[in-house]
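Within every chain, numbering begins at 1; the chains are lettered A, B, ... in the order of the sequence lines, protein sequences first and strands thereafter.
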Protein chains: 2
Amino acid sequence: MATDADHGGQMPPEPSTERRPARAVNTAVQVRDALRDAILKGEYLPGERLVEAQVCERMETSRFTVRAALADLAGEGLVEVRRNRGAHVRKVSMAEAVEITEVRMMVEGLIAARAAELVDPDRATELDEIGVLMRRAVEAGEHRRYSDLNQRLHALVQEIAGHATADRIVETLRGQIVRHQYMLSLVPGRPETSLPQHERIIAAIRDRDPKAAEAAMREHISSVVEALRAIDYPGS
Amino acid sequence: MATDADHGGQMPPEPSTERRPARAVNTAVQVRDALRDAILKGEYLPGERLVEAQVCERMETSRFTVRAALADLAGEGLVEVRRNRGAHVRKVSMAEAVEITEVRMMVEGLIAARAAELVDPDRATELDEIGVLMRRAVEAGEHRRYSDLNQRLHALVQEIAGHATADRIVETLRGQIVRHQYMLSLVPGRPETSLPQHERIIAAIRDRDPKAAEAAMREHISSVVEALRAIDYPGS
DNA sequence: TGCTGAGCAATTGTTGACAATAATGGGAAA
DNA sequence: TTTCCCATTATTGTCAACAATTGCTCAGCA
C-alpha cells in the first residue's frame, strides 16, 4: 500500500519543467512523495546531483527530513547515494531497463494468472469495457487516452489479483523506468502492436484461463522488451 | 525480554543467542548490516520493538545512525516504522510468506531460464557436482549440509544467469521470510521431496533448456509454497 | 469492580551546529 | 603553456540537545 503511484505513467510529463517552489511541505513522507513526483516528472534529470541544501530550500524543510526522503528513494531505486558524494538521480541504462522489464514480465504474469483465477463477472465486464475503449482510442489515434486506458487495465488486473506483494514489486520496478517507458510511447505504431496483446490478456482473464493469461501478459511485456532493445540509444 | 530466538537463516545458528555487545560498530552501513544480521539471526523476534536508544547502546553509535539504518531496513521490508510509534521487526504472516514465495517463484524461474541460456561447460560441471553432493547429503541424512548446498546451488544459478535486477529482488524477498524458511527446514521428509526437484533444475540448465529450467524451478518453489501452506500455524 | 481522564515517563521527531570528506581553483615549477 | 600540489570551499556525515507525541499509571468516580 502507500505509494499509490498515480505519477505520470507512460505519457509525456508536459514540458513544464520549471522548478516551482513547491510550498509548505513538511513531514518526511510528504517530502519523500514530493521528491519522487519531481523525479518521475523529470524535473530532476537522470544523473543530476541532488544537493541536500538545495532540496531543503525547495521543499522548505530541514536537511534531516530531506536525508530521510533520499534514503527512502534510494531504497526504491530512484536515487543513488554514495557515501560522502551525495545523492544523484539514478541513471538506469538501457540494459538495466531491459532487465527491470524482464522481471516485471514475470511478476505481471503471476498477477495476470491470479486475476484469471479470481475474476468475477462484474470485473470481467469491466475488463471488456476497457478493451472496447482501447480499440476505439487506437482507431481514433488518441494516444494519450490509450495510454491512460493501459494504466487502468493494468491497475484493474492488479486489483482483481489482489496480490499485495506482487503489486509492490511491480510498482517499484515501474517507477524506475518511467523515462524509458515514455521513450517507448513515442515509437510510432506502438499502440497498433500492443492493442491485440491487451485484448488477448483481457480475453484470457475473462475466460478464467490462468495459463493463457500469464502467457498473454508475458508475450505483451516481452514485446515491450523487444521494443526497448530496438531503441537502444547509446550512452546513459 | 525475549533474548532467545535461536533460529536463523535456514538452519539454527548455534544456541549462542546471547546478545553480545557487538563492539565498535560505527558507520551507517555497518550499523545497518549488523542490525540486519541480528534480525535475520533471530536475535530480535518478529513484532519486537526496536527502541532507538537501546539499539544505539548495543551498536555503540548515535541515534542518528540507528535511525538511518532502520529506515534502510524498512525499505527492505525487514522492519516496519510507524510515525511516532517506533520501529518493529516486521511480522510477516503466513499468507504474506506465501505471496512472497510466489513472487520469488516467478523471478527465480526467470533466473533459471536465463542460466540455461548462458551456462558454459565449466559451470555445468560445477552444477552437476553440487547435485551429486546434494544426493549424498540427503542419503547420509546431513540436513545442515544439504541446506548449505541448496544455498550454493541457488547462488551458482544466479551467478550463471548474471541478472542483477532479478538477484536484487530475490535477495530482498528471501530476507523477509528467513524465519518461515527455517520452519520449513524442520518439516520431516522435506529434503527427500526437494532433491529430485533440484536435480531436475540442474539437468535442465546443464542441457541448456530454458523452458525446462524455468518449469523445474517453478515446480520446486511451488512445492515450497505448498509446504508453507501445510504448516499454516495460526496467528502472527 | 470497572471506567474515565489527567498527569507523567518514555520514546520518537526535529533542529542547528560542528567535524570530516570530497570537489575546486589558483599558483608555482618544469 | 601544461602539470602538479596545496589551500580553499562546498557538501555531506555525525552528534547532542530540544520539542512533540504516545502510551501508561493511577487517582477519582459511577
Side-chain angles (χ1 to χ4, degrees), chain A residues 2 19 21-36 38-39 43-91, chain B residues 1-3 19 21-36 38-39 43-91:
Chain A
R19 289 190 185 172
R23 71 185 70 63
V25 189
N26 292 350
T27 102
V29 294
Q30 282 177 318
V31 170
R32 173 166 60 75
D33 294 346
L35 198 51
R36 185 185 13 239
I39 294 173
E43 296 175 30
Y44 290 104
L45 294 174
E48 183 174 351
R49 188 168 183 189
L50 293 163
V51 178
E52 294 180 1
Q54 290 174 6
V55 179
C56 285
E57 199 176 352
R58 178 167 177 206
M59 299 288 174
E60 291 178 0
T61 183
S62 71
R63 256 187 71 209
F64 180 91
T65 308
V66 169
R67 188 166 260 264
L70 251 28
D72 278 2
L73 295 180
E76 290 179 34
L78 277 169
V79 312
E80 194 177 13
V81 293
R82 281 179 303 173
R83 187 183 163 81
N84 287 323
R85 289 198 187 172
H88 296 251
V89 178
R90 183 156 156 240
K91 200 190 308 190
Chain B
M1 57 168 84
T3 54
R19 285 193 185 170
R23 70 184 70 65
V25 189
N26 293 351
T27 105
V29 293
Q30 283 177 318
V31 170
R32 171 167 59 74
D33 294 346
L35 198 51
R36 181 181 22 235
I39 293 173
E43 296 176 30
Y44 291 104
L45 294 174
E48 184 175 348
R49 190 168 181 189
L50 292 163
V51 177
E52 294 180 2
Q54 290 174 4
V55 180
C56 283
E57 199 176 351
R58 179 166 177 209
M59 298 289 177
E60 291 178 0
T61 185
S62 71
R63 261 186 66 210
F64 180 93
T65 308
V66 168
R67 188 165 260 265
L70 286 173
D72 278 2
L73 296 180
E76 290 179 33
L78 278 171
V79 312
E80 194 177 14
V81 293
R82 282 179 302 174
R83 187 180 163 82
N84 286 326
R85 291 195 186 172
H88 296 251
V89 178
R90 181 154 159 242
K91 200 190 310 192

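Rounded to whole angstrom, the span from the CG atom of B:L50 across to the P atom of C:dT11 amounts to 13 Å. At whole-Å resolution of the value, CZ in A:R67 and C1' in C:dT15 are 14 Å apart. Atom-to-atom, CG of A:D72 to C1' of C:dG13 comes out at 15 Å; the value is rounded to the nearest Å. Atom C1' of nucleotide C:dG13 and atom CD of A:Q30 are separated by 14 Å, given to the nearest angstrom. Note: CZ (B:R82) to C1' (C:dT12) measures 13 Å, nearest angstrom. If you take CD of B:E52 and C1' of D:dA20, they are 14 Å apart, rounded to a whole angstrom.
Closest of all the heavy-atom pairs between A:P46 and A:V89 is CA-CG1, 3.7 Å. The shortest heavy-atom contact between A:H88 and A:G47 is ND1-O, 3.2 Å. What you find for A:D33 and A:R36 is that their closest heavy atoms are OD1-NH2, 2.6 Å.
Evaluation of the side-chain contact (heavy atoms from CB on, under 4.5 Å) rule for B:A74 yields B:V79, B:V81 as partners, not counting sequence neighbours. Not counting sequence neighbours, the partners of B:A71 by the side-chain contact (heavy atoms from CB on, under 4.5 Å) test are A:D72.
At the phosphate of D:dC15, OP1 or OP2 sits under 4.0 Å from a side-chain N or O atom of B:T65.
Applying the side-chain contact (heavy atoms from CB on, under 4.5 Å) test between A:V31 and each of A:R58, A:M59, A:E60, A:R67 identifies A:M59 as the sole match.
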With the sugar-phosphate defined as primed atoms, P, OP1 and OP2, and the base as all remaining atoms, what B/S/- string results for nucleotides 16-23 of chain C, 5' to 3', for protein heavy atoms under 4.0 Å? -----SSS
